[in-house]
There are 2 protein chains.
Amino acid sequence: MRLTANRIAGILREHGYKLTPQRHAVLKVIAASHDHLTPEVIHEKARLNNPGIGLITVYRTLGLLNDLNLVCRVHSPDGCRSYMMRRPTDHHHHLMCSGCGKVVDFAGCALADLEQRLLEETRFNISGHLLEFYGLCPDCCIPASV
Amino acid sequence: MRLTANRIAGILREHGYKLTPQRHAVLKVIAASHDHLTPEVIHEKARLNNPGIGLITVYRTLGLLNDLNLVCRVHSPDGCRSYMMRRPTDHHHHLMCSGCGKVVDFAGCALADLEQRLLEETRFNISGHLLEFYGLCPDCCIPASV
DNA sequence: ATATTTGCAAAAGGTTTGCAAGACG
DNA sequence: CGTCTTGCAAACCTTTTGCAAATAT
């Protein structure tokens with residue numbers, strides 16, 4: 001289940017952050033989109049709600065949300081600049097379409113065995129991982145000639 | 001088995017690229033290191049062999065190597081700007097130390113089942129994945145007070 | 001001989017910082 | 001009210017581009 005903008009706003013307040021219209025505009029954009037968005041795109045969309053908002057504020061709000069683990073960065077071969085909302089309860093990963101950029105979440109990465117093996121082999125104290133799949137979504141798979 | 005600088009040089013030539021001293025200097029740096037290196041660091045090290053080499057040339061050479069799949073980008077929470085040599089034959093991933101930046105390769109990610117499941121669930125035509133583990137290596141795990 | 005490659009300088013992004021004015025609580 | 005937040009401009013850093021000179025083959 002995805003967080004709503006209002007729920008996130010509450011979390012911000014709980015942490016002592018002020019709830020400004022600019023922050024709310026950013027929250028609404030991120031909560032409404034299921035795709036990964038660059039700071040620039042978030043800025044554009046946020047301006048529909050709050051015409052005066054500055055790109056700088058978007059960066060600062062993203063930093064804030066990232067610190068609170070409410071948002072996560074999406075890595076892709078053409079850049080690692082996008083963010084999307086993180087679902088707080090369950091551990092999940094992304095499957096991204098190389099054609100249109102669509103992102104699908106999935107859970108159940110089943111990497112515990114591998115992690116255990118790496119622990120034994122390397123003695124690293126493993127704290128996390130990054131896993132993303134790339135491919136073409138059904139829409140982008142359709143041959144151009146059809 | 002890792003590629004040597006000379007082997008890579010041969011591959012470049014096979015593809016019709018000229019083998020300049022600058023390119024060779026970059027190859028030697030990358031082939032000699034098992035860590036991920038930023039363009040800047042590669043430039044610094046390459047200058048030991050070729051004092052006149054420009055940072056621009058390092059960028060261009062990295063682009064070349066990346067296109068030929070001889071080098072791969074390393075993603076980390078603090079940036080995705082580093083590269084390291086790719087082993088051409090076998091599919092592998094990285095385990096990175098958050099303390100010192102050391103990178104350990106590993107193979108056997110065993111994601112085929114997961115990929116199959118995602119294919120069935122999403123109908124994506126999956127072409128690849130990105131997997132990296134983070135943690136502290138044994139050296140960095142030692143408590144500071146000891 | 002000739003097309004490629006290099007390096008400089010300058011441009012181009014993208015992101016961060018300093019600081020005065022403004023706004024949340 | 002006081003402190004946190006905003007926005008502008010300017011700084012910053014990394015990466016790319018234009019072009020003449022140099023060079024690998």
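In what follows, chains carry the letters A, B, and so on, assigned in the order in which the sequence lines appear, proteins first and then strands, with residues in each chain numbered from 1. If you're wondering where the values come from, they're calculated on a predicted model, not measured in any experiment.
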Distance (rounded to the nearest 0.5 Å) between A/Thr61 OG1 and A/Leu27 CG:
7.5 Å
Within this structure, what is the CG-CG distance for the pair A/Leu130 and B/Leu130, rounded to the nearest 0.5 Å?
4.5 Å
Non-neighbouring partners of [X] that pass salt bridge (charged side-chain N to carboxylate O under 4.0 Å, His left out), sequence neighbours left out:
X        : result
B/Asp35  : none
A/Glu40  : none
B/Arg117 : B/Glu121
B/Lys102 : B/Asp139

Close N or O pairs between protein and nucleotides 16-18 of chain C (under 3.5 Å):
none

Between [atom2] on [N] and [atom1] on [X], what's the gap in Å once rounded to a whole number?
X       : N      : atom1 : atom2 : result
A/His15 : D/dC4  : NE2   : P     : 17 Å
A/Asn50 : C/dA23 : CG    : C1'   : 13 Å
A/Glu14 : C/dG25 : CD    : P     : 14 Å
B/Leu64 : D/dT16 : CG    : P     : 13 Å
B/Leu12 : C/dT6  : CG    : P     : 10 Å
B/Arg13 : C/dT4  : CZ    : P     : 18 Å
A/Tyr83 : C/dG14 : OH    : P     : 14 Å

Could you name each residue pair satisfying side chain to side chain donor-acceptor pair (under 3.5 Å) that touches residues 4-14 of chain B, not counting sequence neighbours?
B/Asn6-B/His24
Please output the side-chain donor-acceptor pairs of residues 74-85 of chain B that fall under 3.5 Å, not counting sequence neighbours, one pair per line with the distance.
| residue | atom | partner | partner atom | Å |
| --- | --- | --- | --- | --- |
| B/His75 | ND1 | A/His75 | ND1 | 3.1 |
| B/Ser76 | OG | B/Asp78 | N | 3.4 |
| B/Ser76 | OG | B/Gly79 | O | 3.1 |

Other hydrophobic cluster members with B/Leu118, side-chain heavy atoms of Ile/Leu/Val/Met/Phe/Trp/Tyr under 4.5 Å, chained?
A/Leu95, A/Val104, A/Phe106, A/Leu111, A/Leu114, A/Leu118, A/Phe124, A/Ile126, A/Leu131, A/Phe133, B/Leu95, B/Val104, B/Phe106, B/Leu111, B/Leu114, B/Phe124, B/Ile126, B/Leu131, B/Phe133
Residues joined to B/Leu136 in its hydrophobic cluster, side chain to side chain under 4.5 Å directly or through other members, sorted by chain and number, are none
Going by ring-ring contact (aromatic ring centres under 6.0 Å, His included), name the residues that satisfy it together with A/His92, two or more places apart in sequence or in a different chain.
A/His94
Quick one, which residues of residues 41-48 of chain B touch DNA chain D with a heavy atom under 4.0 Å?
none
Looking at DNA chain C, which of residues 16-29 of chain B put a heavy atom within less than 4.0 Å of it?
B/Tyr17, B/Lys18, B/Thr20, B/Gln22, B/Arg23
